[in-house]
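A quick write-up on the structure given underneath.
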Amino acid sequence: MDPLRALRPWEAPEVTSWGRLAMSGVDRRHPSLSLDGDWHFQLLPSPDAPVGETWSTAHVPGAWTLQDTDDLPHYTNVRMPFAEFPPHSPAANPTGVYERTVDVPAEWAGRRIVLQVGAAESVLLVQVDGRPVGVSKDSHLAAEFDLTAVVRAGDRAVLRLTVVKWSDASHLEDQDQWWHGGITRPVLLYATDPLHLADVTVLARADGELRVDCRVRDAAGALPEGWHVSGDLDGLAVAQDTTFDRANAEDERVSAFLGEARLRATVPDVRTWTAETPELYGLTVRLHRPDGTVADTSYHRVGFRDVEIAGRDLLINGERVFIRGVNRHDFHPLTGRTVSHDDMRADLALLKRFGFNAVRTAHYPNDPALYDIADEFGLYVVDEADIESHDHAHEIADDPRYLNAFVDRVSRMVLRDKNHPSVIIWSLGNESDYGANHDAAAGWVRRHDPTRPVQYEGAAKRGWADPDVASDIACPMYAPLEDCVAHALSGKQTKPLIQCEYSHAMGNSNGTLADHWAAIEATPGLQGGFIWEFWDHGILQRVSDGRPAGRAGAGRYSDGVAAPGHRWAYGGDFGDTPHDGAFIADGVVFPDRTPKPVLYEHREIAAPVRLESFRHEGPVIGNHQHFRGLDWLSGEWLLSLADGRTLTAPAELPDLRPGETAAVPLPLDLPDDGGEAWLTLRVTTARDEAWAPRGTVVCLPQVRLRPRPVREAVAVPERTVEVDADGLLVHPLLRSAPTLSLWRAPTDNDELGGMADRWREWGLDAPVRRLVAVRRDGASVGVLAEYAFGTAVVRHEQVLTAVEGGIRVEETAELPEALYDVARVGSVFETVAGPELLDWFGPGPWESYPDRATAPVGHHSLPVDDLFTPYLRPQESGGRHGVRHFTLSAPDATGLAVRLDRPSQVSVTRYRAADLAAAAHHDELVPREGCVVHIDAAHRGLGTASCGPDTFASYLVPTGTHRWGWILRAL
Ligand code: GAL
Ligand code: MG
């Protein structure tokens with residue numbers, strides 16, 4: 001047994017590391033030796049098991065749980081996947097032994113040689129040539145070890161990294177995500193001068209003041225005479241601060257051993273950093289030998305900006321900014337927590353394109369690339385420490401055995417990320433109750449970095465206004481909007497209110513997002529929040545053997561859908577028990593980063609340019625940004641007319657400062673036909689941005705120029721409408737006649753919010769229809785039917801009238817009080833095979849529902865298969881809100897046209913609600929030949945009840961009498 005394993009550090013919460021170097025803000029970009037690639041690998045059943053003779057290989061970086069081992073991914077949300085209480089871990093404890101030889105470069109002779117392991121979960125043990133080197137915990141931060149004493153330049157060494165999956169630390173890493181094991185970020189070796197920069201802290205204020213604090217420590221102990229530091233800020237020389245040197249020299253408590261030096265400069269006319277104006281300066285910090293030659297260098301991209309809390313406002317450079325944030329895990333459907341630089345860039349570019357300006361690194365320090373890219377693109381970051389003890393939160397928050405771990409995890413995050421302008425707030429972690437261990441960590445941060453606020457959701461035990469030490473921000477999760485507004489209006493608010501999580505994006509969700517933002521923008525004291533969450537964590541799985549596809553699955557998905565023979569796995573799909581099912585699929589993007597409809601909704605809600613209102617002389621354009629004008633944008637006017645035309649004209653965006661508005665002349669002549677008309681400003685990027693090419697849509701604000709006129713259809717008395725013996729419409733284009741529908745395939749919100757159970761109990765999914773009477777009256781047939789839903793009976797009447805070119809359908813349904821909250825009231829019918837394309841006039845083109853309907857009204861056209869959104873667990877999907885009229889056509893232009901009396905919720909799919917409800921994954925769905933069409937007089941909002949508030953009462957389907965009417969014509 002090797003000595004490190006004999007110490008059993010996996011069951012010693014007090015031990016956070018041994019032999020590990022201090023974390024620092026130094027950023028060296030000189031050549032290093034990458035140790036990524038295939039390593040010899042053994043997976044032992046426990047850390048006590050002997051290492052065998054037979055080796056396989058494992059790829060580094062990567063989780064072994066995604067590399068064809070028998071230890072597969074396991075998903076639990078709150079509960080730990082094992083029964084042992086902290087600090088214990090189970091006896092069955094997969095332990096990966098990684099080994100490889102390393103040829104230490106001969107030119108590193110005389111230098112200090114450092115090993116960096118980017119991340120390993122959950123305990124890392126390091127040996128070189130059988131000699132113990134170090135131990136580290138915290139699965140989401142790098143660990144560095146000084147190998148100078150155990151390797152020789154020019155020689156070959158055997159490096160062994162042992163990774164123990166379960167430990168005392170697992171109880172602090174109980175985040176809501178898949179459990180994996182392995183080395184998930186890069187491994188490398190680098191060399192420095194023995195005397196090197198040990199830490200660099202950059203402070204850059206919005207007034208142009210730059211201060212750089214350097215620490216230089218020699219392995220031997222003292223900072224020799226004549227050594228000094230210098231800086232270069234984009235060509236501006238930054239000098240060592242002699243006042244600081246003198247003060248240190250005169251202070252007898254400060255020894256040369258500490259090796260502190262300070263650089264100072266004032267930048268004239270500084271360009272300040274904000275998420276809208278991510279101005280960065282390149283700073284090079286050099287450590288010089290007495291002869292001036294350079295011993296060490298650290299590179300930084302500096303953003304000059306201030307963060308402060310004034311009263312109940314969080315200010316960036318003095319401005320109260322709205323935080324339009326999202327929570328983001330490091331995730332990839334093939335490689336789990338290993339994310340490439342390109343993938344990270346693509347993630348953040350997508351967020352920028354959809355109007356987000358902030359990320360919370362839920363729930364641990366993310367891959368270092370995130371912070372560089374956030375600096376560059378302009379995103380505010382709430383940097384969160386790797387602490388979530390959810391299942392045993394109360395036991396751990398005050399447990400002194402875990403005190404070190406709290407301070408270690410928070411402080412190392414701060415030391416790593418403090419030089420990033422994007423980081424504006426430190427978070428102490430997530431869902432870990434609140435105890436003395438949090439206060440200890442908060443105390444460390446406040447002393448080390450007084451320039452940023454600290455937040456912790458769990459701290460608000462005595463309410464959002466409580467002056468607890470662990471949170472400067474009231475950052476609840478999933479608080480009802482009315483509670484937030486009431487708090488802001490109460491006069492008792494003491495801190496900015498920015499929800500750390502809100503609007504849970506599980507399945508077809510995020511209802512009432514626009515209502516939230518209307519309230520936030522209108523209520524001083526409310527400043528925004530972070531949507532839960534960015535990713536659907538579906539892992540690409542081969543259906544044949546149930547294994548993760550791993551890196552071999554590259555390219556086997558598109559548009560959110562897994563290729564045939566594959567599916568997106570969620571909890572339970574790997575035989576993992578206990579598990580929390582599809583709760584892992586709750587992001588605004590699919591596992592392949594395809595945007596879900598909510599992102600388009602968000603883009604419009606976050607629009608930097610808005611059309612305020614319409615006055616007769618023209619629309620009013622407003623600049624809704626905090627820091628910049630409109631010169632980075634281009635515009636085009638679109639006039640959408642109900643008759644099918646869309647007229648366009650180039651738009652000249654006015655020169656507006658933030659908050660300003662200007663009326664502009666009506667850009668296009670409004671035809672005199674009296675029809676409904678909408679004016680849209682299509683706003684795009686005027687030039688290439690780091691996160692989007694020129695011409696990318698930024699938003700589509702809109703004003704209505706003229707409402708929809710009421711139009712009566714004219715009956716044609718000599719024609720009749722045919723109904724069958726059951727009183728059902730007979731029509732050559734319909735495979736099945738319109739009948740009443742009150743049900744939808746339950747969304748995740750419907751299921752977890754309890755609505756779906758109620759609907760099943762009421763029998764909404766299996767109505768029994770009974771014809772009561774058929775009455776003929778000239779060109780009309782009146783059909784009265786009763787639908788029995790369990791014990792409740794709904795009377796439904798259809799009056800079918802032959803009108804010019806088609807049939808007018810007028811319907812009435814009387815919903816008894818017993819059915820007080822149904823999914824929809826409307827008609828459902830199925831077409832014959834043939835129609836493939838939906839053209840409609842109404843909001844679009846993306847999917848919309850009554851409480852998620854911020855989409856411009858216009859003419860839209862999509863293939864039926866593209867209307868459907870493939871939420872991971874099949875459910876109600878593909879709806880379009882506010883449809884005025886539509887056609888459903890085959891390639892030979894045959895098909896049907898429908899005109900609705902009132903703008904209505906319409907959906908056209910290849911699936912019946914029952915088909916969707918019966919399937920657990922998409923590969924189980926068989927598309928029907930014809931189209932299933934729903935026309936709803938009322939449709940329930942989506943809400944967010946899978947985790948958080950349901951939709952508002954105004955979006956529920958009321959009881960009582962519903963009337964709706966439509967005209968069906970053949971094309
Ligand atoms: C929160 C938690 C997140 C996630 C979410 C539900 O309570 O902080 O990690 O579990 O709920 O998806
Ligand atoms: Mg949790």
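Each ligand, and each atom within it, is numbered from 1 in the order the structure gives. The first residue of the sequence shown is numbered 1, and numbering continues consecutively from there.
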- request: Can you label the angle between the Trp517 ring and the Phe322 ring as parallel, tilted or perpendicular, going by 30° and 60°?
  value: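 Rings of Trp517 and Phe322: perpendicular, as their planes differ by over 60°.
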
message: Once you measure the plane-to-plane angle for Tyr600 and Phe354, does it fall in the parallel (<30°), tilted (30-60°) or perpendicular (>60°) bin?
response: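 Tyr600 vs Phe354 ring planes: perpendicular.
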
query: If you take all heavy atoms of Asp472 and Ile309, which pair is closest and at what distance?
result: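 Heavy-atom minimum between the residues: O-CD1, 3.5 Å.
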
- request: Taking all non-hydrogen atoms of both residues into account, name the closest pair between Lys165 and Thr65 and its distance.
  value: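 Scanning both residues, the minimum pair turns out to be NZ-CG2, 4.0 Å.
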
- prompt: When the aromatic ring centroids of Phe406 and His438 are compared, is their separation below 6.0 Å?
  reply: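 When the ring centroids of Phe406 and His438 are compared, they turn out to be within the sub-6.0 Å range.
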
- request: For His329, check ring pair (Phe, Tyr, Trp, His ring centres under 6.0 Å) against everything at least two apart and list the hits.
  value: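 Partners of His329 by the ring pair (Phe, Tyr, Trp, His ring centres under 6.0 Å) criterion, ordered by chain and then number, come out as His363, Tyr364, Trp532, His537.
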
- prompt: For Phe356, what residues pass the ring pair (Phe, Tyr, Trp, His ring centres under 6.0 Å) criterion, not counting sequence neighbours?
  reply: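 Partners of Phe356 by the ring pair (Phe, Tyr, Trp, His ring centres under 6.0 Å) criterion, ordered by chain and then number, come out as His602.
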
- request: Give the C-alpha distance, both sets of side-chain angles, the deciding distance and a yes or no for side-chain hydrogen bond (donor to acceptor under 3.5 Å, both in side chains) between Thr594 and Asp559.
  value: CA-CA 6 Å; Thr594 298; Asp559 296 333; 5.0 Å; no

Under 2.8 Å from the Mg ion (ligand 2) - protein N/O/S, by chain and number: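 Atoms qualifying: Glu388 OE2, His390 ND1, Glu431 OE1.
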
message: Any carboxylate oxygen within less than 4.0 angstrom of a Lys/Arg side-chain nitrogen, looking at Arg452 and Asp383?
response: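 Looking at Asp383 together with Arg452, the answer is no, because their closest N to O distance does not fall below 4.0 Å.
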
- request: Write down, by chain and number, every protein residue that brings a non-hydrogen atom to less than 4.0 Å from an atom of ligand 1.
  value: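 If the criterion is a heavy atom under 4.0 Å, then ligand 1 touches Asn77, Asp176, His363, Asn430, Glu431, Met477, Tyr478, Glu501, His504, Trp532, Phe583, Asp586, Cys947.
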
